[in-house]
Amino acid sequence: MPTILGQNQYGKAENRVVKITRDGATHHIKDLNVSVALSGDMDEVHYSGSNANVLPTDTTKNTVYAFAKEYGIESAEQFGIHLARHFVTSQEPIHRARIRIEEYGWERIETSDANSRFIGADEVKHSFVRRGQETRLTQITYDGERWEVISGLKDLVVMNSTNSEFWGYVKDKYTTLQEAYDRILATEVSGRWRFNWTDDEQKMPHWEKSYEQTKKHMLQAFAETYSLSLQQTLYQMGARIINNRGEIDEVRFSLPNKHHFLVDLEPFGLKNDNEVYFAADRPYGLIEATILRDGCEARIPVDMTNL
């Protein structure tokens, strides 16, 4: 045979599941986009078309919805762990499961002092507005023995309006960029972090607390770093996470530099004292790096966060 089968996987992608938990009149929402990928003894389905080892992708979709009812959704990570364990342990041909989840945040709408009595409701604890910041992410991989959990976020736009400079860089005959000693630093954070929880004998992290604390340390580092380059800020963001979250060994960021250029107002007889900027959407600098706990090995794929 002149060809052989290489790596392969299959599953149902982007299963949107919304779980409402009713605590009396108070409701809670978990809104997930779940993608399942399974691999194992799947040679024959490719070579001969035999489906003897194939769990239908429609079944994986149904499992997502059934598990939302059976187990609830405590966190994206915990839900993915339930799914991965089920597929690997219940189906002999399946040796590895990868669950990718996007989580969309909702926050409760604060009602007026009148508590909406004018429309017949004494209390409103079931109304929400979609949170307009980041999308939370996680990827759970399980092979029957070891776990790999990589979580993160994307689409989180942040800005420092000062305390950022950029100068002393290499210049050649094509360089036109002027050195800046007071500039806007803005980026749209795409980040992933890898947990050192790898087997069931270890104590499992508190996934919700870990996410909120990791995001907090990342944002504090962005705000508190006097930046001479976006690379420096990126490193401080990752280092702050590693130094404060013992359950995380590796962080990878992809940070587009959302350039803000001072507008030339001199033709109008006006002085622009770092007040009016043009926000350019493209092209943009793209800064990427991995930050590791000393002695640990990088395992987050470099293409997981970038274009």
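Judged by distance alone, with hydrogens and angles left aside, the side-chain atoms of E250 form a donor-acceptor pair with the main-chain N or O of R299 at under 3.5 Å. Not a single donor-acceptor pair under 3.5 Å links the side chain of D249 to the backbone N or O of C296. Here the side chain of N8 pairs a donor or acceptor atom with the backbone of G6 at under 3.5 angstrom. Checked by atom type and distance alone, the side chain of R96 never pairs as donor or acceptor with a backbone atom of T141 at under 3.5 Å. Using modelled atom types, one side-chain atom of T63 and one backbone atom of T59 make a donor-acceptor pair closer than 3.5 Å. With hydrogens and angles ignored, the 3.5 Å screen pairs a side-chain donor or acceptor of Y169 with a backbone N or O of L177. Although no hydrogens or angles enter the test, the distance criterion places a donor-acceptor pair under 3.5 Å between the side chain of S35 and the main chain of E14. Side-chain atoms of N272 come within 3.5 Å of backbone atoms of E275 as a donor-acceptor pair (strictly under, hydrogens ignored). The backbone N or O of F222 lies less than 3.5 Å from a partner atom in the side chain of N160, making a donor-acceptor pair. Within the 3.5 Å criterion, the main-chain N or O of D199 finds a donor-acceptor partner in the side chain of Q202.
By the 6.0 Å contact criterion, NZ on K271 is open, its count of non-hydrogen atoms from other residues, nucleotides or ligands being 12 or less. In E145, the CD atom is not crowded: 12 or fewer heavy atoms of neighbouring residues, nucleotides or ligands sit closer than 6.0 Å. Within a 6.0 Å radius of CG in D172, more than 12 heavy atoms belonging to other residues, nucleotides or ligands are found. Summarising the local packing, OH of Y235 is surrounded by 12 or fewer heavy atoms from other residues, nucleotides or ligands at distances under 6.0 Å. Surrounding NZ of K209 are at most 12 heavy atoms belonging to other residues, nucleotides or ligands under 6.0 Å away.
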Inset, instruction - Take T233 and S227, measure what side-chain hydrogen bond (donor to acceptor under 3.5 Å, both in side chains) needs, and give me the verdict at the end. - result: CA-CA 6 Å; T233 298; S227 180; 2.8 Å; yes
Inset, instruction - Show the numbers, then the answer: is there a side chain to side chain contact (heavy atoms under 4.5 Å, CB included) between Q78 and M204? - result: CA-CA 10 Å; Q78 188 65 64; M204 189 179 295; 3.1 Å; yes
Inset, instruction - Report the C-alpha separation of F253 and I287 in whole Å, then their side-chain angles, then the decisive distance to 0.1 Å, and conclude whether the side chain to side chain contact (heavy atoms under 4.5 Å, CB included) test is met. - result: CA-CA 8 Å; F253 284 120; I287 313 302; over 6 Å; no
Inset, instruction - Could you go through the side chain to side chain contact (heavy atoms under 4.5 Å, CB included) check for V36 and I99 one step at a time? - result: CA-CA 5 Å; V36 177; I99 312 296; 4.0 Å; yes
Legend entry - side chain to side chain contact (heavy atoms under 4.5 Å, CB included) evaluation trace for N53 with V45: CA-CA 8 Å; N53 287 348; V45 68; over 6 Å; no
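Under the 4.5 Å side-chain heavy-atom criterion for Ile, Leu, Val, Met, Phe, Trp and Tyr, L230 and Y277 are members of distinct hydrophobic clusters. In terms of hydrophobic clustering, with Ile, Leu, Val, Met, Phe, Trp and Tyr side chains grouped at heavy-atom distances under 4.5 Å, Y211 and L219 are assigned to a common cluster. When hydrophobic clusters are built by joining Ile, Leu, Val, Met, Phe, Trp and Tyr residues whose side-chain heavy atoms come closer than 4.5 Å, directly or via intermediates, V276 is grouped together with F278. Both L185 and L234 are members of a single hydrophobic cluster when ILVMFWY side chains are connected at heavy-atom separations under 4.5 Å. Hydrophobic clustering of Ile, Leu, Val, Met, Phe, Trp and Tyr side chains at less than 4.5 Å, counting indirect connections, unites L32 with Y65.
Here W193 contributes atom CH2 and I300 contributes atom CD1; the two are 9.5 Å apart, rounded to the nearest 0.5 Å. The distance from the CZ atom of R252 to the CD1 atom of I291 is 8.5 Å, given to the nearest 0.5 Å. Note: S75 OG to I81 CD1 = 7.0 Å, rounded to the nearest 0.5 Å. Here the OG1 atom belonging to T290 is positioned 11.5 Å from the CZ atom belonging to R192, to the nearest 0.5 angstrom. For the atom pair CZ (F195) and CD1 (I248), the distance works out to 4.5 Å, reported to the nearest 0.5 Å. The CG atom of L5 sits 5.0 Å away from atom NE2 of H46, with the distance rounded to the nearest 0.5 Å.
In this structure the side chain of M237 reaches within 4.5 angstrom of the side chain of L255, judged on heavy atoms. Counting heavy atoms from C-beta outward, L137 and K154 have side chains that approach closer than 4.5 Å. M218 is listed as a side-chain neighbour of L153, based on a closest heavy-atom distance under 4.5 Å. H28 has its side chain within reach of D23: a pair of non-hydrogen atoms, C-beta onward, lies under 4.5 Å apart. When side chains are defined from C-beta on, E148 does not count as touching R146, because their heavy atoms never get closer than 4.5 Å. Considering only heavy atoms from C-beta on, K171 comes within 4.5 Å of E179 through its side chain. With a 4.5 Å cut-off on side-chain heavy atoms, H95 and D143 do not count as touching. Two residues are said to be in side-chain contact when any heavy atoms from C-beta on lie closer than 4.5 Å; Q133 and K215 meet this criterion.
Y226 pairs in a side chain to side chain donor-acceptor pair (under 3.5 Å) with only one of the listed residues (Q236, E165, Q232), which is E165. Applying the salt bridge (Lys or Arg N to Asp or Glu O under 4.0 Å) test between E103 and each of K19, R16, R136 identifies R136 as the sole match. With respect to V17, the side chain to side chain contact (heavy atoms under 4.5 Å, CB included) criterion is satisfied by exactly one of V34, I101, N33: V34.
For the residue pair K258 and T187, the shortest heavy atom distance occurs at CD-C, 3.7 Å. When all heavy atoms of N15 and K61 are compared, the pair lying nearest together is OD1-CG, 3.2 Å. Considering every non-hydrogen atom in both A76 and I140, the closest pair reads O-CD1, 4.2 Å. The minimum heavy-atom distance between K30 and E74, with the atom names listed, is CE-O, 3.9 Å. Between W147 and A84, the shortest heavy-atom contact is CZ3-CB, 3.8 Å. Taking each heavy atom of R245 and T214 in turn, the nearest pair found is CG-OG1, 3.8 Å.
Ring-plane geometry between W197 and W207 is classed as perpendicular, the angle between the planes exceeding 60 degrees on a 0 to 90 degree scale with a lower cut at 30. In this structure, Y71 and H82 have parallel ring planes: the angle between them is below the 30° cut-off, well short of the 60° mark.
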